[in-house]
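A short write-up of the structure that comes next.
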Protein chains: 4
Amino acid sequence: MARQLTSKGRQRRSQLINQATRRFASDGYHPTSVADIVGGVGVGKGVFYWYFESKEQLFLEILRDAQKDLRRCQRNSTADLTDPVDRIEGGIRAGVIWMVGNPDLRRLFEFARSEDTFAKAMKVGEATLVSDAAQHLRIAIDAGRIPDRDPQALAHGILGVTNQLTMAYMDHGDGDPAEVGDLVVSICRNGFAGLSDDLTGDSNSPAMTVKPTWSRSV
Amino acid sequence: MARQLTSKGRQRRSQLINQATRRFASDGYHPTSVADIVGGVGVGKGVFYWYFESKEQLFLEILRDAQKDLRRCQRNSTADLTDPVDRIEGGIRAGVIWMVGNPDLRRLFEFARSEDTFAKAMKVGEATLVSDAAQHLRIAIDAGRIPDRDPQALAHGILGVTNQLTMAYMDHGDGDPAEVGDLVVSICRNGFAGLSDDLTGDSNSPAMTVKPTWSRSV
Amino acid sequence: MARQLTSKGRQRRSQLINQATRRFASDGYHPTSVADIVGGVGVGKGVFYWYFESKEQLFLEILRDAQKDLRRCQRNSTADLTDPVDRIEGGIRAGVIWMVGNPDLRRLFEFARSEDTFAKAMKVGEATLVSDAAQHLRIAIDAGRIPDRDPQALAHGILGVTNQLTMAYMDHGDGDPAEVGDLVVSICRNGFAGLSDDLTGDSNSPAMTVKPTWSRSV
Amino acid sequence: MARQLTSKGRQRRSQLINQATRRFASDGYHPTSVADIVGGVGVGKGVFYWYFESKEQLFLEILRDAQKDLRRCQRNSTADLTDPVDRIEGGIRAGVIWMVGNPDLRRLFEFARSEDTFAKAMKVGEATLVSDAAQHLRIAIDAGRIPDRDPQALAHGILGVTNQLTMAYMDHGDGDPAEVGDLVVSICRNGFAGLSDDLTGDSNSPAMTVKPTWSRSV
DNA sequence: AATGAATGAGTCTTCATTCAT
DNA sequence: AATGAATGAAGACTCATTCAT
C-alpha cells in the first residue's frame, strides 16, 4: 500500500475505484464481488490486490474521499459568505447539490450507515458535518438571528431533511437540483408551521412556493 | 410457506424471527448467515427452511411487519385527535417513540433502503407514511392552520428529521424517548429559523428549551 | 414393511405409488423428492415412511411390478398361439402395446438401466424377457421356420428395436399403437435388407407398407 | 466461460472432464458430486467453477462432444464407400465400434435420455444420427438395393439394435468389438426371419454364423 | 394412520484472497 | 504491473429420514 504509482498506474486505480463505486451503488456492497469489479474494468483479479489491500479498505477509501469532497464543497460555497444565516443556507444548498450530483456516493452513504463495519467511519464524517453546521447555528443564535435552541439538534434536523429529500429526488425527481436546494432550505428554515418565506424580510431565499415537479409525485 | 402451524410451531417461528432481527440489526443482513440464526436458537439448519422460504423472504417479512406495526402505532395515537396540527404532531411523536423503542427494526430499515432488493419494499411503506402525513398537512393548510406549501415535501422533511434524530439518539442518547419526540416535533414545526415554541399560542407542545442530554454530545 | 393394511391403507399406498411413478417419470428419480411425492398426494411426510421403507425401495418396487406386468402381458397374448413365429410376433406386439400404454414406466426403465443401484434389478427383468424371446426363437429355428442364428442375439435385437421405436413414438407419435406394433414386427422380422412382408407367404403379419404418421417426422 | 486458457489450464480442464465422465458413468450423474470430481483430480473446489459454469453445463458439454465424436467416426468410416448398402453397414459398424470403445460415454447417453434436462440435447444428436442413416437408406431404396420401406423407421430400428447389443456387450461381452459390429449388421440387415447372410450375394459382410462368446450368456 | 417438526449431513456454488509466472 | 490459476472456507439451501404426539 501507499505504493509509488506511475501515471498509468494512477489511472488504473481510478478506473477500479469508479467501477467499484458504480457497482456498490447499484448492486450493494456485499453483492458486488471483486470479480465483478475487475471484470467490469477488464483486468485480471490480481490487479485489484495490487492497488488495494482489500475490498473493505477500498470501500472505506471511497467513503472517506466522498465525505472529504462533500465537506470541501460545503466549505467552498460558504467561504465568501459572512452572514451566519447565509452560511447555514449556503451549506445546505451545497450539500443538496453534492448529493444530487453524486447519487452513487449518496447511496453508498446510506448503506455504510447501516453496517457496523462502516458505520464508525460514517459517524465520524457525519459528526463533522453536523458540527460544522452547529457552529454556524451557534453564531446565528448568539447574533440573535435565530431563536436560541440546541444547535446540535438543529444541525441533525438539517442533515435529516437533506438526506431524505435528496433520496426522494433521486428516486423520482427530474427537476432542477438547485430547486431542490431551495426546497430543503425552506423546510429547514421554517418547518411545517413556520412563517412562509415571503414574510421573513431578512432573507433572500426563494419563497417556499417553489415546488419542483417531482415533489408532488413522491 | 402458508403452512399449518401448531402452537409450538408458531412459537419457534417467532423465535427465529426475533433471533434474525437481532442479528441482522447488529451484524448486518449479509454478514448474518442462516447458520448464525438457527445456531442462536439452538436448532438444526433445516428448521429455518421449514418456516421460511429463504433468508430474503424472512427479511422482507420482518420489514413488512415492522412497517405495518409502525403505521398502526401512528394511527392509534392520532385516532382520538381532531385538530389537524395535533394529529401531525401526534404522528411524529408516535413515530419517534416507535423507532426509539424498536432500535433493531429502525436499523433494518436503514439497511433495507440501501439495497435494491429491499428498497422496493421499503419505498412502499415509506410512501404510505409520507402520504399519511401529507394528508394531515393538506388539511391543516386548507384550515389555514399552517402556511400553504407542498405537503409531500413537508412530509418528507418530517420523516427525514425523525429518521436522523432517532438514529442519533440510538447512537448516543440516554434520555427519555418522549423528550426526543418533543424535540423532533419542535424542529419539524419551526425549522431552525422559525419562532420559538413559546411564541406559538396555539400549541401545547413543550418549548424547544427541551434538550435531551444526548443532543449535546452528538 | 409387509404391513397389514386396511383397505383405506392399500388405497393410500397406491396413491403414493402412482404419484411417485408420475413424478419420477416426468422429473427424474433424483430430482423428485419424497416431499414432492407426499405433497402431490396431500399428506404428511411421515406417511411415506409408514408405507415404504425408503425412496429407493419404492422405486425398486415400482420397477419390479412393472416388469412383472409387462411379462404377464406378453405371456397372456401368446398363450393361445401355437405357431412359434406367431408367438414371437405376438410377444413383440404385446411388448410394444404395453410400453406405449405405460409411457411413465417405460421412461422409468430408461433411467433405471442407467444407474448402478437399479441396473441390477433391471438386468434381471430384461434377461427374463430376452430369454423368453430366445426360447421361442430357438423353437422356430429348430422347426426350420427361421434361419439358424444365435437366439440370444436375435432376442436382444428385438428388444432394442422395440425400445427404440416405442421411445420415438412416445416422443412424437400420435397414431395407433397397434400400427407401431406392426412396424416393429416388420423391422424385427426382415431387417432393412430383408424381403418385404408381402413376399413371405407364411405370415399373416401386416405388410411393411404400414407407416404410422409419426415415423415420418421422427 | 469462454475463458482464455493457458496450456496448463487446458490440461486441467481435460483432467476434470475425464474425471467427471468416469464418475458420472460409474456412479451416475446425480450421485456424483462436484466434490467427488475435484477430489478425484486433487484440486480445490473452486477450480471446478473456474473451468465450468456448473455441473449441468459440464455434463451437457460432455454429451455434445461425445455426440460430435460419434458422428465424426461414422462419417469418416463411410467417406470412402460408394455403395449405399456398404455405407449403411459401415455406419453401423462404426457406431458399434465407437460405443464399445467408449463405454463411459455410452452409459452417459443412457442416463441423459432418461432425464428431461438432458433429453433435449440427446434428442438432437440422436435425430442427426437417425437422419444420417435414413438418407443412406433412402438412396439404397431408390437404387432398388433394398425393399421400399420407411427409412426413418428403419433407421430407428438400426439405432435400437446397436444400442441394445452394445449395452449387452458392455455388460457381459469379452470378445472382439469388430465381431459385435458384424453381429449388429447381420441382425439389422436380415431381422430374425430374413435370409441368412450367405444367401445374399451382394454383400461381403460376414455370415451370421458369427457368434461372439458373450451373446450366449446374456 | 397420520401429522408437523426436526435433523444434519450433504449439495451446488461463491468469493475474498493468494501465488507463480 | 498484470495474468490465469488455485484455494478452501463459507454460504444458501435440500433432502432422506426420524420422532413425538
Side-chain angles (χ1 to χ4, degrees), chain A residues 3 5-6 8-9 12-13 30-38 41-56 58, chain B residues 3-13 30-38 41-56 58, chain C residues 3 5-6 8-9 12-13 30-38 41-58, chain D residues 3-13 30-38 41-56:
Chain A
R3 248 182 240 289
L5 298 177
T6 67
K8 192 187 159 210
R12 177 109 313 167
R13 199 168 190 281
H30 287 294
T32 299
S33 71
V34 172
D36 289 335
I37 298 168
V38 296
V41 172
V43 296
K45 229 175 221 184
V47 174
F48 185 92
Y49 290 90
W50 178 260
Y51 293 104
F52 309 101
E53 222 172 73
S54 69
K55 189 184 161 191
E56 191 177 318
L58 163 61
Chain B
R3 235 181 253 287
Q4 197 55 35
L5 298 179
T6 66
S7 83
K8 191 188 162 205
R10 257 165 298 151
Q11 226 172 295
R12 175 101 329 151
R13 199 168 190 280
H30 288 293
T32 299
S33 71
V34 172
D36 289 337
I37 298 169
V38 294
V41 172
V43 294
K45 208 174 284 192
V47 172
F48 185 91
Y49 293 91
W50 177 260
Y51 292 103
F52 309 102
E53 230 173 62
S54 68
K55 189 183 159 189
E56 190 177 319
L58 164 59
Chain C
R3 248 182 240 289
L5 298 177
T6 67
K8 194 188 157 207
R12 176 110 313 164
R13 199 168 189 280
H30 288 293
T32 299
S33 70
V34 173
D36 289 336
I37 299 168
V38 295
V41 173
V43 296
K45 227 175 223 185
V47 174
F48 184 91
Y49 291 89
W50 178 259
Y51 292 104
F52 309 101
E53 223 172 72
S54 68
K55 188 185 162 189
E56 190 177 319
Q57 286 307 311
L58 163 60
Chain D
R3 235 181 254 287
Q4 197 55 34
L5 297 180
T6 65
S7 83
K8 190 188 161 206
R10 256 165 299 153
Q11 224 171 298
R12 176 97 334 149
R13 199 169 189 279
H30 288 294
T32 299
S33 70
V34 172
D36 290 336
I37 298 169
V38 294
V41 173
V43 294
K45 211 173 282 195
V47 171
F48 185 93
Y49 292 92
W50 176 261
Y51 293 103
F52 309 102
E53 229 173 63
S54 67
K55 189 183 157 188
E56 190 178 318

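Each chain gets a letter, A, B and so on, in the order its sequence line appears, and its residues count up from 1. None of the values given here were measured: they were computed from a predicted structure.
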A:Val43 near the nucleic acid: base, sugar-phosphate alone, or nothing, with a heavy-atom cut-off under 4.0 Å?
-> sugar-phosphate

D:Arg13: salt bridge (Lys or Arg N to Asp or Glu O under 4.0 Å) partners, not counting sequence neighbours = D:Glu61

For D:Ser54, which residues count as a side-chain hydrogen bond (donor to acceptor under 3.5 Å, both in side chains) partner, sequence neighbours excluded?
-> none

B:Tyr51 side chain near E:dA6 phosphate (N/O to OP1/OP2, under 4.0 Å) | yes

Taking only nitrogen or oxygen atoms into account, show me every contact under 3.5 Å that the protein makes with nucleotides 18-21 of chain E, one pair per line with its distance.
none

For atom CD1 of B:Ile37 and atom C1' of F:dA12, their distance in whole Å | 11 Å

Between CD of B:Gln11 and P of E:dA5 the distance, given in whole Å, is 11 Å

Want to settle it: does D:Pro31 or C:Val47 sit nearer the 5' end of DNA chain E, counting the closest nucleotide to each?
-> C:Val47

Those stems involving DNA chain E that have three or more consecutive Watson-Crick or G-U pairs, both distances under 3.5 Å, are E:2-21 with F:2-21

Starting at CZ of A:Arg13 and ending at P of F:dA2, how long is that distance when rounded to a whole Å?
-> 13 Å

Output all residues satisfying side chain to side chain contact (heavy atoms under 4.5 Å, CB included) with B:Thr6, sequence neighbours left out; order by chain, then residue number.
-> B:Lys8

To the nearest Å, give me how far apart CZ (D:Phe52) and C1' (F:dA6) are.
-> 15 Å

Mapping D:His30 and A:Phe48 to their closest nucleotides on DNA chain E, which lands nearer the 5' end?
-> D:His30

Length of the line joining C:Lys8:NZ and E:dA1:P, which is rounded to integer Å | 8 Å

In Å, rounded to the nearest 0.5 Å, how long is the span from OG1 of A:Thr32 to NZ of A:Lys55?
-> 6.5 Å

5'-most contact on DNA chain F (nearest-nucleotide basis), B:Glu56 vs D:Gly42, goes to D:Gly42

Short side-chain N/O contact from A:Arg12 to OP1 or OP2 of F:dA2, under 4.0 Å = yes

Between C1' of E:dT14 and NZ of A:Lys55, the distance in whole Å | 11 Å

Grab the CG-C1' distance between C:Leu58 and F:dA16 for me, whole Å please.
-> 13 Å

Using a cut-off of strictly less than 4.0 Å, decide whether B:Trp50 has a side-chain nitrogen or oxygen near OP1 or OP2 of E:dA6.
-> no

Among D:Tyr51, D:Trp50, D:Phe52, which residue meets the side-chain contact (heavy atoms from CB on, under 4.5 Å) test with D:Phe48?
-> D:Phe52

Could you say whether C:Thr32 or A:Thr6 is positioned toward the 5' end of DNA chain F, judged by the nucleotide with the nearest heavy atom to each?
-> A:Thr6

Locate the shortest heavy-atom distance separating C:Val47 from C:Arg12; write the atom from each residue and the value.
-> CG1-CD, 4.1 Å

Picking from F:dA1, E:dA16, F:dC15, which would you name as closest to the side chain of C:Ser33?
-> F:dC15

